[in-house]
Amino acid sequence: MKDNDNLTIERPTFVTHLECAMEGDRYEADQIYNLSKAGKPLLVRYDLAGVKKALTKEALAQRPADMWRYRELLPVRKVTDIVSLGEVTTPLIRLPKLAKKLGAGEIIVKDEGRLPTGSFKARGLVMAVSMGKALGIKHMAMPTNGNAGAALAAYATSCGIKTTIFCPADTPEVNVSEIELQGATVYRVNGLIDDCGKIVGEGKVKAGWFDTSTLKEPYRIEGKKTMGLELAEQLDWEMPDVIFYPTGGGTGLIGMWKAFAELEAIGFIGAKRPRMVAVQASGCAPMVRAFENGTEHAPRWEDAHTIASGIRVPQAVGDFLILRAVRESKGFAIAVPDEKISAALNEVAREEGLLLCPEGAATYAAYQQSLADGRVTKNDRVMLFNCATGLKYPLPPVTRTLDRHQPIDYAKL
């Protein structure tokens, strides 16, 4: 086995068509699409009976440990169209000290910060860009709160696709800088991410770019679903009891729910599913409000604000898919305040040595809150998703100093 086998060996492909997530009408594969005729996301469908015959757990185990090992369940047909910067299998990190402190069951973090560009956005954007390359797209544009724009810039630049990216004016400087440095043209906008999205949508005709906004193209879901495929394999095809997922646009939550259905169809897992928990910030919680109101769609959240910028999404085009996954799994949606997010980030770092991003810290805060109010039990095996490296975010200053010219009182150190 060579380390790049997944990127160089042709494998059978099983995409049959695309399907409107709301209406169910079919669209021919291998064509350029944004939304369906109903203005809803398109889902990629596969000949799962064919996948079941072609792929075994034993064969999968012999492949290199990256997200391209699941090629039979991915939309890219030819290895020449794969755009890769090294999408490694991300580790599962146990938090035994905090589990003991809480008197809880197993707490596991899937640390997506190990991926290229430092976030789980790499999974979705590598698939979108690879399919863009396959379909002959020359210019891609998107709105971003930071990490998605960095991933699009990196992958598109690596294969020669032009990118134009729009972000809210208060996007963290490190994100804006990495987007520009990795070859994109990036603009700050005096508004939120959905305001940026309107600019991208209007420019689709006027500037001629392809709109790569969340769920407005079909393939980011397919990249993000690899989190579910990977997680199941890492746990020896056993599902955790609960998944806490930081939810903005919700592509990953939707993708994982799709992955579990596909894994059952090919005989890799049974009918058991984890309860899916959509975690939002109290200052931007449209999914929580819709879940609690029993509605299928989530109206725009006004005056959205939170330190966890990645989940500051006032309105999501895939709202009904997020809510369906949460309800079908018997999960729930939960909002946590910024002060609890900050406290969770500090606690995990100081107790376990694991530096989470604010969005990842929100999942631990949500778990604590859910444990306290009884929505999860102390026997539940829970999975928390840390969606980016904490090193991308402002860290607390250190003020302690020593003067090497003065005597040092070592007893006080």
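Numbers here simply count residues along the sequence, with the first being 1.
Between Asp319 and Arg324 there is no salt bridge, since none of the side-chain N atoms of the basic residue sits less than 4.0 Å from a carboxylate O of the acidic one. Taking a cutoff of 4.0 Å between a charged side-chain nitrogen and a carboxylate oxygen, Glu19 and Arg45 qualify as a salt bridge. Using a 4.0 Å cut-off between charged side-chain N and carboxylate O, Lys57 and Glu233 make no salt bridge. A salt bridge links Arg188 with Glu173: the closest approach of a Lys/Arg side-chain nitrogen to an acidic carboxylate oxygen falls below 4.0 angstrom. Ion pair Glu202/Lys204 not flagged as a salt bridge, since none of the NZ, NE, NH1 or NH2 atoms sits closer than 4.0 Å to an Asp/Glu carboxylate oxygen. With respect to Lys272 and Glu238, no salt bridge is recorded, no charged nitrogen being found less than 4.0 Å from a carboxylate O. The existence of a salt bridge linking Asp194 and Arg300 is confirmed by a sub-4.0 Å separation between a basic side-chain nitrogen and an acidic carboxylate oxygen. Between Arg94 and Glu106, at least one side-chain nitrogen of the basic residue sits less than 4.0 Å from a carboxylate oxygen of the acidic one, meeting the salt-bridge criterion.
Outside the 6.0 Å centre-distance limit, the rings of Trp237 and Phe260 are not counted as a close aromatic pair. In this structure, Phe14 has its ring center at least 6.0 angstrom away from the ring center of Tyr46.
The backbone N or O of Gly248 sits nowhere less than 3.5 Å from a side-chain atom of Gln280 that would complete a donor-acceptor pair. Between the side chain of Lys224 and the backbone N or O of Ile254, no donor-acceptor pair lies under 3.5 Å. Asn386 places a side-chain N or O within 3.5 Å of a backbone atom of Cys357 that can act as its donor or acceptor partner. Checking side-chain atoms of Asn147 against main-chain N and O of Phe120 turns up no donor-acceptor pair under 3.5 Å.
Ring geometry for Tyr364 against Tyr367 counts as tilted: the plane angle lies between 30° and 60°, on a 0 to 90° scale.
Between the side chains of Tyr70 and Glu230, no donor N or O sits under 3.5 Å from an acceptor N or O.
Stacking of Arg275 on the aromatic ring of Phe332 is not recorded, the 6.0 Å distance cut-off and the 45° axial limit not both being met.
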Mind running side-chain contact (heavy atoms from CB on, under 4.5 Å) on Arg63 and Leu60 for me, showing each step along the way?
CA-CA 6 Å; Arg63 297 178 182 178; Leu60 190 63; 4.3 Å; yes
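With a 6.0 Å radius and a threshold of 12 heavy atoms from other residues, nucleotides or ligands, Asn190 has its CG atom at or below the threshold.
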